[in-house]
Amino acid sequence: MIYLDNNATTKIDSKVFLKHCEVLRKNYGNASSLYPIGVESKNLIEDSRIRVAKFINADLNSGDRVIFTSCATESNNAVFHSVLGQNFKGQHIIISEVEHPSVYNIALYYEEAGCEVTRIKVNTNGVLNVSQLMDSLRSETSIVSLMMVNSETGVLNDIEDISKKIRQSFPKVLIHTDAVQAAGKTPIDINLLNVDFLTLSGHKFHAPKGIGALFIKRGVSFNPFIIGGHQEMGLRAGTENVANIVALGEAAEIAQKGLEDGINTGIEALRDYMEQELKRLFPDSIIFGEQSNRIGNTTNIGFKSVDGTKLVLRLAQKGISVSSGTACNSISASPSRVLSAMHAPSEYIRSIRISLSKENCMSDIQALLSSLNELI
């Protein structure tokens, strides 16, 4: 199998896998217990919390908080639940038209419950309309939630600049960014981003599935989404999944070293070569977001009058895995909401997404190009 769908999920890193297995076998004590194997589990959790905090440049000593969750969807839901509470009417939410379903659909849920939701438009390159965003802000605005990197196109939002503008005009508005697709692909510094909440998901940067993290800025109140015991500083109840938490910390440390060593430069060079060859082979194709600032691993390409879903299935028969959009919507027969928001031409809207990782090499790209040339 040639795996080229790393925005959907990544292969667990070998070092992370070994550490995960070790903890599963040896550190089975409940972290809430007072005897030695319980205390050891608690210490492992706190060590991972420090690692994840370092990954995003959070300062736990100054009151920043990092809590562990089951996934990014839980984290995103938890933010909305905390901010909006139970008194929905009169509150205002701002998101973009191209958010991940875990943000877009929770906003829709609250809209149906009585909140007002403004969806910020993007242009044909997937770039947010910041003027519309600023014009939409008002005293009733409770939260602005904008993804750092679009999962389908790889387009980067300038969260640092957007946060600065929001703080200048409406300093009390809470800001959340879903940084799931940014982790390990571009540096994340919450001090530069200046957000109140930030979401991570382990399986997007070579940790296991079933583990996520939520950053909460110092001084920002947070009401738990999951009620129960005292775990995670009383902010997320439930017996901690120690092995997954340790794996997340390990993956964060490896990803940080990869960023420092420039591993993404090689991935981007591979992606750029692939796009160059795709345009040569298929001159009437469209690469969505090509003119925008993108992360270096993602290509979303439409081939004229070619159904991307069928192409995904045909490629799968050849042992090549790509997708036709974000994994959470991959089985939908509807055109991509993201590409619709970008006003993609109808004959191109059923595109495919190719997303690379450190596991990929030139032979993978050559096999993909050969198969696409044959199939199309």
Side-chain angles (χ1 to χ4, degrees), residues 1-25 48 51-52 55 68-73 100 149 151-152 154 179-186 188 199-213 241-271 273-274 295-300 312-313 315-328 330-331 352-369 371:
M1 182 182 70
I2 294 173
Y3 186 73
L4 300 169
D5 194 22
N6 289 278
N7 284 9
T9 195
T10 55
K11 180 181 178 181
I12 188 169
D13 183 277
S14 57
K15 291 181 180 178
V16 175
F17 174 75
L18 290 173
K19 189 67 177 178
H20 185 255
C21 292
E22 177 188 339
V23 175
L24 276 174
R25 184 71 182 90
S48 289
R51 288 180 169 194
V52 174
F55 183 47
F68 297 112
T69 66
S70 64
C71 60
T73 296
H100 187 271
V149 174
S151 58
E152 293 191 34
V180 166
Q181 293 295 345
K185 301 167 189 172
T186 188
I188 300 174
T199 302
L200 297 173
S201 182
H203 76 102
K204 304 294 188 179
F205 58 101
H206 304 285
K209 299 171 185 65
I211 184 66
N241 187 333
V242 181
N244 273 15
I245 290 171
V246 170
L248 183 67
E250 188 83 3
E253 193 166 275
I254 291 169
Q256 183 61 40
K257 188 175 188 306
L259 286 169
E260 293 167 358
D261 292 345
I263 190 172
N264 289 309
T265 302
I267 297 172
E268 185 169 2
L270 200 61
R271 192 277 310 268
Y273 167 79
M274 177 184 69
I295 50 170
N297 82 313
T298 303
T299 298
N300 191 312
V312 167
L313 295 173
L315 285 168
Q317 291 173 351
K318 292 178 172 291
I320 300 173
S321 300
V322 299
S323 72
S324 55
T326 186
C328 293
S330 61
I331 61 173
I352 65 170
R353 181 189 66 183
I354 306 156
S355 46
L356 313 182
S357 80
K358 63 183 181 180
E359 299 283 341
N360 295 119
C361 59
M362 182 60 77
S363 63
D364 296 340
I365 302 304
Q366 297 291 7
L368 172 69
L369 293 170
S371 294

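- Remark: Lys318 engages Glu374 in a salt bridge (Lys or Arg N to Asp or Glu O under 4.0 Å) (not counting sequence neighbours).
- When all heavy atoms are compared, the tightest approach of Leu369 to Tyr273 is CD1-CE2, 4.3 Å.
- Taken to the nearest 0.5 Å, the SG atom of Cys21 stands 6.5 Å off from the CG atom of Leu24.
- Considering CG of Leu368 and CD1 of Ile352, their distance stands at 6.5 Å, rounded to 0.5 Å.
- Shown here for His20 and Asn244, the closest heavy-atom pair between the two residues is NE2-OD1, 2.7 Å.
- Side-chain atoms of Asn300 come within 3.5 Å of backbone N or O of Glu152 as a donor-acceptor pair.
- At least one donor-acceptor pair under 3.5 Å links the side chain of Lys204 to the backbone N or O of Asn7.
- Listed here is the closest heavy atom pair of Val23 and Ala243: CG1-CA, 3.6 Å.
- Atom CG in Asp364 sits 9.0 Å away from atom OG in Ser357 (nearest 0.5 Å).
- In this structure, the side chain of His206 engages the main chain of Lys11 through a donor-acceptor pair within 3.5 Å.
- Separating the CD1 atom in Ile267 from the CD atom in Glu359 is a distance of 9.5 Å, to the nearest 0.5 Å.
- The CG atom of Leu200 sits 10.5 Å away from atom CD1 of Ile211, with the distance rounded to the nearest 0.5 Å.
- Note that CG of Asn6 is 9.0 Å distant from OG1 of Thr298, once rounded to the nearest 0.5 Å.
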Test log, rule side-chain contact (heavy atoms from CB on, under 4.5 Å), inputs Met274 and Thr299: CA-CA 9 Å; Met274 177 184 69; Thr299 298; 3.3 Å; yes
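- What you find for Gly249 and Val52 is that their closest heavy atoms are CA-CG2, 4.2 Å.
- Just one of Lys15, Lys19, Arg51 meets the salt bridge (Lys or Arg N to Asp or Glu O under 4.0 Å) condition when paired with Glu250; it is Arg51.
- Of the possible donor and acceptor atoms, none in the side chain of Asp13 sits under 3.5 Å from a partner among the backbone N and O of Ala207.
- When atom types are taken as modelled, the side chain of Ser371 and the backbone of Leu315 share no donor-acceptor pair closer than 3.5 angstrom.
- When atom types are taken as modelled, the side chain of Asn264 and the backbone of Gly184 share a donor-acceptor pair closer than 3.5 angstrom.
- For Phe55 against Ala252, the heavy-atom pair with the smallest separation is CD1-O, 3.5 Å.
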side-chain contact (heavy atoms from CB on, under 4.5 Å) assessment of Ile295 paired with Asn297: CA-CA 6 Å; Ile295 50 170; Asn297 82 313; 3.1 Å; yes
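- Taking every heavy atom of both residues into account, Arg271 and Gly296 meet most closely at CB-O, 3.3 Å.
- For Ser321 (side chain) and Tyr3 (main-chain N/O), no donor-acceptor pair under 3.5 Å exists by modelled atom type.
- Side chain of Thr10 to main chain of His203: a donor-acceptor pair is present (N/O by atom type, distance under 3.5 Å, no hydrogens or angles).
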